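All values derive from a computational prediction rather than experimental measurement. Counting starts at 1 for both ligands and their atoms, in listed order. Throughout, numbering of the chain's residues begins at 1 and tracks the sequence. Quick note: numbers below take in every heavy atom, side chains included, and nothing from hydrogens, waters or symmetry partners.
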Amino acid sequence: MLDEPTRELLRAERVVLGRVRELLARQEADAADVQQLRQAELDLDEPFLLVIVGEFNSGKSAFINALVGATVLREGVTPTTAAITRLRYASSQTERRDGALVEVGYPLDLLRDVVIVDTPGTNAILREHEAITNHFVPRADLVLFVTSADRPFTETERAFMERIRTWGKKVVVVLNKVDLLGPAQVDEQVAFVRDGVERLLGFRPEMFPISARLALPGPAGPDWAASRFEPLQSFITRTLDEKGRLALKLSTPLGVAERIGRTYVMAAEEKLAMLAADLAVIDSIDRQLNAYRDDMQAEFTRRLEAVDNVLHEMSARGIDYLDQTLRLGRIVDLFRQKLLKEEFERIVVADTPERLDRISQDTIDWMVDQDLRVWRSVTEQIDRRRGEGGHAAAERLAGSFEYDRRALLASLGQTARSVLQRHDHQREANQLASSVREAVTRATLLEAGAIGLGAVSMAIVGSAAADVTGLFAASVMAGVGLWLLPRKRGQAKAQFRTRTEELRSRLMTALSDEFQRELQRSLQRIRDALAPYDRLVRSEQGRTLEFSTALQVLLEELAQLRRRLP
Ligand SMILES: Nc1nc2c(ncn2[C@@H]2O[C@H](COP(=O)(O)OP(=O)(O)OP(=O)(O)O)[C@@H](O)[C@H]2O)c(=O)[nH]1
Ligand SMILES: [Mg+2]
């Protein structure tokens, strides 16, 4: 019976609804939301649902009885209607329970096209009534909101109506029990409710002041005029003609999908904000690591210069010493290597080993401290971020992500803290010292086992001096012309210079390499600890952006469908 454009609209609607549902299902959305979308699709094949809501005792059941013209539903001053009650056409009056629903049949023409739904009242002490009604509201094609003239438009009614509106429903307000008011008061109350709704909820509702009680006996009854039921009745017939019903029916699932979709767009936005804050922490740690690296390098260069100076000074003293020693006047001493060695150590070597050892030890302590300092700062930032967690809206979207994120943050915090707890300055400094020593030993081709950096250096310088003085002595022994001695001295000094220079450069390279390796190791350890968190946050950011974009495209399609409604 539908015309072609309407059929096409219906098809398009089903497609978009299906896509929204699938998108949410893929995102591990709340199962209740997915189910609600499914229900909205199914309800497209169901008869029109005119749903009557309102606080308990406002006269919802009485209103339906008046509309039907017979007491088919129970009324009462206490919370009366306990289950969703569907009133539909039947050739004779029937009533049966169908699971949680009550099905009432009645021979009334209107019911051939419209199912009238009576709901349990809200705001009763029976909270489950409210829950039942809230759950059913999304399925309504048109909502009649019944408020009672003896307490019109309460705060809880405002809140309830606002919730109904978020589902994109058309809401019509029925002000019942006007028989309790004088004629002037009725207009006053109508204005009061209408203004209140407009001011607080931003829409101007259709409003019908009625008395269900006076209307019950029907148009032939004595109080029909006083019941003011006629306008409402004709409004219902007019609005619910075939075209009107279709338009409302098609709009219902759009409202459901829009409402759920908007919730998830908001959740996605909150989640993205949370991920951005996560990334900000990661970036801040990263910047800090870079600054740490630069500081360390600058400081190390300074310390290396100090080593260089010490070696320079010693080398200069060595040249001086050779100048003084490689002379004919001391020719006898040249054959007393033991004496020369002692002299060399006293004059040339002097306190060089201690100075080198001190610099080396200071540097090692400093590096170990810096590494610890960075870990401490990383730990603090991670702990702070963990403390900031717990985004309710994001959790709606979180699925397993929020769990993974928390788990990763926790294990990252754990790693960082255990680095701090297990930290043993002495042990780490010793380890580092021994690896520096090994590197230097390797670089200077000495046997391992020398005690400190200074001692290693001295072993080399000492042997250079011994070689040089030894050679000089050998020349003398070999009867080289005495006039050649100054030249031999020059050669010996040059040789000494070359050897110490070589030592110096090897030592510097070894120290520098060892330092770079150590710094890299320290940085890498932190980066490795951060990596899984970093990866998770980035991939989740991509996924969430994709989801949110797809969802917004679908929301736009829903809006377009809405514009095409008849
Ligand atoms: N004075 C007056 N009383 C009415 C009118 N309509 C209903 N009542 C009475 O108000 C009481 C509540 O009516 P119900 O129809 O049971 O109200 P309800 O909204 O269905 O209540 P619940 O099912 O509990 O949510 C009953 O005692 C009715 O007789 C009316 O127009 N005027
Ligand atoms: Mg009732």
Item to check | N/O/S from T119 sitting under 2.8 Å away from the Mg ion (ligand 2) | outcome: no
Item to check | Contact (N/O only, under 3.5 Å) between G76 and ligand 1 | outcome: yes
Checklist entry - Quick one: are R373 and R376 in side-chain contact, heavy atoms under 4.5 Å? => result no
Checklist entry - What residue and atom, counting heavy atoms only, is the protein's closest point to atom 13 (O) of ligand 1, and at what distance? => result G59 CA, 3.7 Å
Checklist entry - Should the pair Y264 and F547 be assigned to parallel (<30°), tilted (30 to 60°) or perpendicular (>60°) ring geometry? => result perpendicular
Checklist entry - Does any N/O atom on F56 come nearer than 3.5 Å to any N/O atom on ligand 1? => result no
Checklist entry - So is P79 close enough to ligand 1, meaning a heavy atom under 4.0 angstrom away? => result yes
Next on the checklist: For the backbone of G54 and the side chain of S58, can you confirm whether one donor and one acceptor N or O come within less than 3.5 Å of each other?
Outcome noted: no
Checklist entry - Does ligand 1 have an atom that lies less than 4.0 angstrom from a heavy atom of T78? => result yes
Checklist entry - Can we call the ring centroids of F192 and F153 under 6.0 Å apart? => result no
Item to check | Any V115 side-chain heavy atom under 4.5 Å of L87 side chain | outcome: no
Checklist entry - Heavy-atom distance under 4.5 Å between the side chains of R543 and Q27, does that happen here? => result yes
Checklist entry - Within S61, is some N, O or S atom less than 2.8 Å away from the Mg ion (ligand 2)? => result yes
Checklist entry - Do any nitrogen or oxygen atoms of A212 come within less than 3.5 Å of a nitrogen or oxygen of ligand 1? => result yes
Next on the checklist: Checking a contact table here: which protein heavy atom is nearest atom 9 (C) of ligand 1, and how many Å away?
Outcome noted: R213 NH2, 3.8 Å
Next on the checklist: Quick check: do K60 and T119 have side-chain heavy atoms less than 4.5 Å from each other?
Outcome noted: yes
Checklist entry - Do any nitrogen or oxygen atoms of L214 lie less than 3.5 angstrom from nitrogen or oxygen atoms of ligand 1? => result no
Next on the checklist: Check E103 with R97, please: is the shortest side-chain N to carboxylate O separation under 4.0 Å?
Outcome noted: no
Checklist outcome for this item: Closest to atom 19 (O) of ligand 1 by heavy-atom distance, out of R74, K60, E75, is K60
Item to check | Test of proximity, T81 against ligand 1: N or O pairs below 3.5 Å | outcome: yes
